[in-house]
**Student:** 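After the structure tokens below, expect a handful of questions from me.
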Amino acid sequence: MADVTPHQSFEYRVVPAPRKGEKARGVRSGEARFALAMSRLFNRMGEQGWEYVRADTLPAEERVGLTGSEVRYHALLVFRRSLAPAVPQVVQPVIEAKPKPPLLLNAPLPEWQGFEEQEMQEAEVIDILAARARPKHAAE
């Protein structure tokens, strides 16, 4: 059986995390400046339709000097945005239920015939109905 559900596809963008904060009026501490730099980056990416996914610190081997290399770690931010629209919403047609016509009784139901006008106790009604339900040969 084939999978009929369309899969949503994303494209990803990985950007380096800011290394230092940004200066702004009223922002004094290093922590606040770094938070400001992160906020501005997230807002710029959000304006372009990118959604923040996660932050990772990953190793990368880099050249040092002419012949050497060393492993350095980089803080990276991962963003994604949708390539294809999400699963399309299937609009079901609204089917209005036709109201059922009222049930009209021309005569009382057979088990109630005979006591329309009488006042009886519930036990008496049950006994009468039970007697009517028994086969005739069992009552003899």
Side-chain angles (χ1 to χ4, degrees):
M1 184 170 167
D3 185 13
V4 188
T5 309
H7 296 284
Q8 186 169 1
S9 300
F10 296 99
E11 66 177 320
Y12 292 87
R13 178 171 286 174
V14 180
V15 297
R19 291 192 178 263
K20 60 182 184 174
E22 295 181 12
K23 293 182 180 180
R25 177 178 252 164
V27 181
R28 301 207 186 275
S29 70
E31 184 179 54
R33 288 179 177 176
F34 186 74
L36 177 65
M38 293 288 286
S39 296
R40 287 180 176 169
L41 173 65
F42 284 150
N43 287 331
R44 277 194 312 271
M45 296 298 288
E47 287 172 357
Q48 298 171 22
W50 294 99
E51 173 187 3
Y52 172 73
V53 177
R54 63 188 286 162
D56 282 316
T57 302
L58 298 172
E61 190 173 314
E62 296 180 358
R63 291 184 113 174
V64 176
L66 293 175
T67 59
S69 67
E70 74 178 31
V71 175
R72 292 193 179 163
Y73 290 86
H74 300 281
L76 303 171
L77 304 173
V78 181
F79 295 86
R80 76 176 184 182
R81 69 179 169 192
S82 178
L83 284 177
V87 177
Q89 297 292 329
V90 177
V91 178
Q92 296 290 337
V94 178
I95 301 173
E96 293 184 25
K98 295 179 182 176
K100 293 181 180 178
L103 182 61
L104 300 174
L105 298 177
N106 294 334
L109 296 174
E111 61 267 14
W112 291 104
Q113 286 180 352
F115 15 161
E116 298 87 6
E117 303 281 327
Q118 301 174 19
E119 285 189 28
M120 302 183 115
Q121 296 295 323
E122 186 176 338
E124 290 178 292
V125 173
I126 292 172
D127 291 339
I128 293 171
L129 292 175
R132 288 184 180 179
R134 277 189 231 124
K136 293 201 183 225
H137 63 278
E140 293 174 0

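The figures that follow rest on heavy atoms only: side chains count, while hydrogens, waters and symmetry mates do not.
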**Student:** Answer yes or no: is there a side-chain heavy-atom contact under 4.5 Å between Val64 and Arg72?
**Tutor:** yes

**Student:** Other hydrophobic cluster members with Tyr73, side-chain heavy atoms of Ile/Leu/Val/Met/Phe/Trp/Tyr under 4.5 Å, chained?
**Tutor:** Val71

**Student:** Should Arg19 and His74 count as side-chain neighbours, where that means a heavy-atom distance under 4.5 Å?
**Tutor:** yes

**Student:** Any non-hydrogen side-chain atom of Glu11 less than 4.5 Å from a side-chain atom of Arg13?
**Tutor:** no

**Student:** Which heavy-atom pair separates Gly21 from Ala37 by the least distance, and what is that distance?
**Tutor:** CA-CB, 4.1 Å

**Student:** Do Leu58 and Val14 share a hydrophobic cluster (ILVMFWY, side-chain heavy atoms under 4.5 Å, transitive)?
**Tutor:** yes

**Student:** Going by the rule ring pair (Phe, Tyr, Trp, His ring centres under 6.0 Å), which residues pair with Phe79 if we only count those two or more places apart in sequence or in a different chain?
**Tutor:** Phe42, Tyr52

**Student:** Run the side-chain donor-acceptor check on residues 24-34: report pairs under 3.5 Å with partners two or more places apart or on a different chain.
**Tutor:**
from: Ser29; atom 1: OG; to: Ala32; atom 2: N; distance (Å): 3.1
from: Arg33; atom 1: NE; to: Val27; atom 2: O; distance (Å): 3.3

**Student:** Under 4.5 Å between side-chain heavy atoms, hopping through other hydrophobics if needed: is there a path connecting Leu76 to Phe10?
**Tutor:** yes

**Student:** Between Ala55 and Leu77, which heavy-atom pair has the shortest distance, and what is it?
**Tutor:** CB-CD2, 3.7 Å

**Student:** Can a donor-acceptor pair be found, under 3.5 Å and without considering hydrogens, that links the side chain of Arg81 to the backbone of Gln48?
**Tutor:** yes

**Student:** Quick one: do Leu41 and Trp50 end up in the same hydrophobic cluster if we chain Ile, Leu, Val, Met, Phe, Trp and Tyr together by side-chain heavy atoms under 4.5 Å apart?
**Tutor:** yes

